[in-house]
**Q** 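Please read through the structure below; I'll follow up with questions.
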2 protein chains.
Amino acid sequence: MTKPTTAAFPRPLTTVDVVILTIRAGALQVLLVQRPQQSGEPFPGQWALPGGFVDIERDQDLQGCALRKLAEKTGVNSPYLEQVGSWGSATRDPRGWSTTHVYVALLADDTLDLQKGGNAAGLRRAPVQGDGVGMALAFDHAMLLSAALGRVRGKTEYTSLPAHLLPAAFTLGELQHVYEIVLGRPLEKKAFRTRMLAADLLEDLGAQKETGRRPASLYRLREQAGLVYFTRSFEQR
Amino acid sequence: MTKPTTAAFPRPLTTVDVVILTIRAGALQVLLVQRPQQSGEPFPGQWALPGGFVDIERDQDLQGCALRKLAEKTGVNSPYLEQVGSWGSATRDPRGWSTTHVYVALLADDTLDLQKGGNAAGLRRAPVQGDGVGMALAFDHAMLLSAALGRVRGKTEYTSLPAHLLPAAFTLGELQHVYEIVLGRPLEKKAFRTRMLAADLLEDLGAQKETGRRPASLYRLREQAGLVYFTRSFEQR
DNA sequence: GGAATAGTGTCTCTAAGACAATATATG
DNA sequence: CATATATTGTCTTAGAGACACTATTCC
């Protein structure tokens with residue numbers, strides 16, 4: 001048996017898909033794109049995660065490819081971006097054996113500019129319901145979305161991840177609200193505030209948010225703050 | 001601008017690499033393979049993670065490809081196997097733009113059969129030292145290994161993951177020892193035992209391990225036991 | 001003052017850390 | 001008995017849960 005060479009192996013299709021999450025109207029929302037209508041295309045007209053083929057002329061690496069696709073759709077250049085994983089099989093794309101590399105991006109909804117990338121037509125946000133968006137998606141994108149949501153919810157139990165869904169300045173109440181939206185359950189106010197303030201994660205802006213009721217202190221994430229890991233999860237109830 | 005088609009995009013190379021970990025001689029060890037000596041091959045004769053091209057004729061999916069490569073090298077068919085992530089760039093393989101899907105497998109060292117897959121020559125275990133194996137590896141495999149070790153150590157802080165490095169029957173002392181090897185620091189005996197016994201993870205075999213001193217109770221993992229997640233991390237010191 | 005939201009006080013509870021004490025084996 | 005390892009007891013501590021209470025704004 002001779003050693004396999006590069007040429008001996010037919011190459012799978014290689015794509016990147018991005019799960020772009022924001023908070024809007026009190027719900028977690030995913031950005032979706034409509035598949036082209038041409039009859040040659042798979043899943044014509046169906047909604048799908050933004051993504052597509054890796055372009056080896058333009059993309060230096062997979063993360064760069066994900067950033068490019070994100071910027072094309074949203075105009076955002078430096079979001080929180082994390083790889084969820086990769087999926088590949090003979091059957092997930094009718095065009096042949098294909099792999100996809102799935103990233104999840106968390107953005108403040110107000111930084112999102114759907115016009116920036118050209119055609120805002122064929123772009124929409126859909127509210128997350130349970131494990132998905134309550135509608136069929138092209139390819140195996142419902143499963144990819146479910147995996148991304150699982151990752152985000154899992155990390156929300158013990159990291160500062162959801163902070164990236166908020167604009168630069170926010171109150172502790174808003175931060176707790178985002179956690180509750182992601183987790184789908186209420187959290188204890190006192191424990192939440194104690195945890196966040198003890199975490200060396202937030203910077204007090206010294207300003208107040210005027211809301212018509214008692215104003216709340218505004219915070220922002222510390223400069224270097226990547227993800228902060230807490231040593232305990234929130235209690236499972 | 002016309003819509004890109006399948007054919008318009010040159011396809012990256014697609015590979016799978018597997019970080020196969022066992023405990024041996026009181027240390028965490030990684031299985032390595034030697035690259036072929038032919039001058040046409042990249043990194044001839046260097047040590048690397050086991051892996052290679054996805055074979056779209058034989059592999060139904062990426063996980064199946066990882067399982068195949070694992071079985072070829074070790075004879076093991078049902079290990080603990082988890083995807084670590086994927087890496088892809090223009091430069092990581094001199095043969096061109098390539099992606100790899102990295103899996104980590106945890107095995108009991110005594111289930112590993114290096115003869116099973118044919119040539120045991122060019123196969124070795126190397127003890128983990130810090131973030132790697134203290135020697136150069138082919139491609140970007142040192143970085144891939146480091147990422148896999150990070151994943152395993154991270155999960156060891158709050159899951160039952162290291163149990164999969166032990167044979168079917170083991171004592172609590174052995175389990176704690178494995179945790180300590182993976183984490184590289186001692187753990188409190190009482191807290192460790194309380195946590196493990198409260199986790200509904202272990203089944204008391206009712207048998208004792210005879211060691212020359214006081215015998216210890218033997219346990220095994222419960223049937224359905226996948227990973228158990230603890231709600232607190234071990235303390236960082 | 002009433003309503004609403006921000007923020008604090010305080011008691012309980014759980015599980016980890018520390019470490020001493022006891023138990024069971026061998027020689 | 002001495003030694004070694006297994007297993008338990010118990011006190012302390014950190015941080016979460018529960019929830020009542022105070023503070024500040026607008027009307």
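Note on naming: letters A, B, ... go to the chains in the order of the sequence lines (proteins, then strands), and numbering restarts at 1 for each one.
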**Q** Can you tell me how far CZ of A:R232 sits from CD of A:E157, rounded to the nearest 0.5 angstrom?
**A** 14.5 Å
**Q** What do you reckon, is CZ of B:R24 surrounded by more than 12 foreign heavy atoms closer than 6.0 Å?
**A** no
**Q** Counting only side-chain heavy atoms from C-beta out, which of C:dA4, D:dA6, C:dC19 sits nearest to B:A216?
**A** D:dA6
**Q** In whole Å, I'd like the distance from the CG atom of B:L175 to the C1' atom of D:dA6.
**A** 15 Å
**Q** Under 4.0 Å, counting only non-hydrogen atoms across every strand here, what does A:G173 touch: a base, just sugar-phosphate, or nothing?
**A** nothing
**Q** Looking at D:dA23, does its base get a donor-acceptor pair with the side chain of A:R214 below 3.5 Å?
**A**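 Flag set: donor-acceptor pair detected.
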**Q** Measure the spacing between NE2 of B:H101 and OG1 of A:T99 and express it to the nearest 0.5 Å.
**A** 4.5 Å
**Q** Give a yes/no verdict on a cation-pi contact between B:R185 and B:Y179, requiring under 6.0 Å between NZ or CZ and the six-membered ring centre and an angle within 45° of the axis.
**A** no
**Q** Just how far, in rounded Å, is P of D:dG15 from CG of A:L187?
**A** 18 Å
**Q** For a quick check of understanding: with a heavy-atom distance under 4.0 Å over all strands, which category does B:T171 fall into, base, sugar-phosphate or nothing?
**A** nothing
**Q** Quick check with a 6.0 Å cut-off and a 45 degree axis cone: is B:R195 positioned over the face of B:F230's six-membered ring?
**A** yes
**Q** From the list D:dC19, C:dT26, D:dT24, which nucleotide is the closest neighbour of the side chain of A:E188?
**A**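 The listed nucleotide nearest to A:E188's side chain is D:dC19.
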**Q** Starting at atom CD of B:Q176, determine the distance to atom C1' of D:dT5, rounded to an integer number of angstrom.
**A**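 The distance from CD of B:Q176 to C1' of D:dT5 comes to 12 Å, rounded to the nearest Å.
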**Q** Calculate the interatomic distance between A:F192 atom CZ and C:dA6 atom P; express it in whole Å.
**A** 12 Å
**Q** Within this structure, what is the CG-to-P distance between A:L202 and C:dG7, rounded to whole angstrom?
**A** 12 Å
**Q** Looking at A:K209, I'd like to know if its NZ atom is crowded, meaning that more than 12 non-hydrogen atoms belonging to other residues, nucleotides or ligands lie closer than 6.0 Å.
**A**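 No - once you tally the heavy atoms of other residues, nucleotides and ligands closer than 6.0 Å, there are 12 at most.
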**Q** For nucleotides 8-16 of chain C, read 5' to 3', which letter fits each nucleotide if B means a protein heavy atom sits under 4.0 Å from the base, S means only the sugar-phosphate is that close, and - means neither?
**A** BBB---BBS
**Q** Answer yes or no for B:R124 and B:W47: cation-pi contact, defined as NZ/CZ to six-membered ring centre under 6.0 Å and angle to ring axis within 45°.
**A**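 Relative to the ring axis of B:W47, which defines the angle, B:R124 lies inside both limits.
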**Q** How close or far is atom P of D:dA16 from atom OH of A:Y179, stated in whole angstroms?
**A** 12 Å
**Q** Any base atoms under 4.0 Å from B:T211, or only sugar-phosphate, or nothing? Heavy atoms, all strands.
**A**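 If one applies the 4.0 Å heavy-atom cut-off, B:T211 turns out to touch nothing in the nucleic acid.
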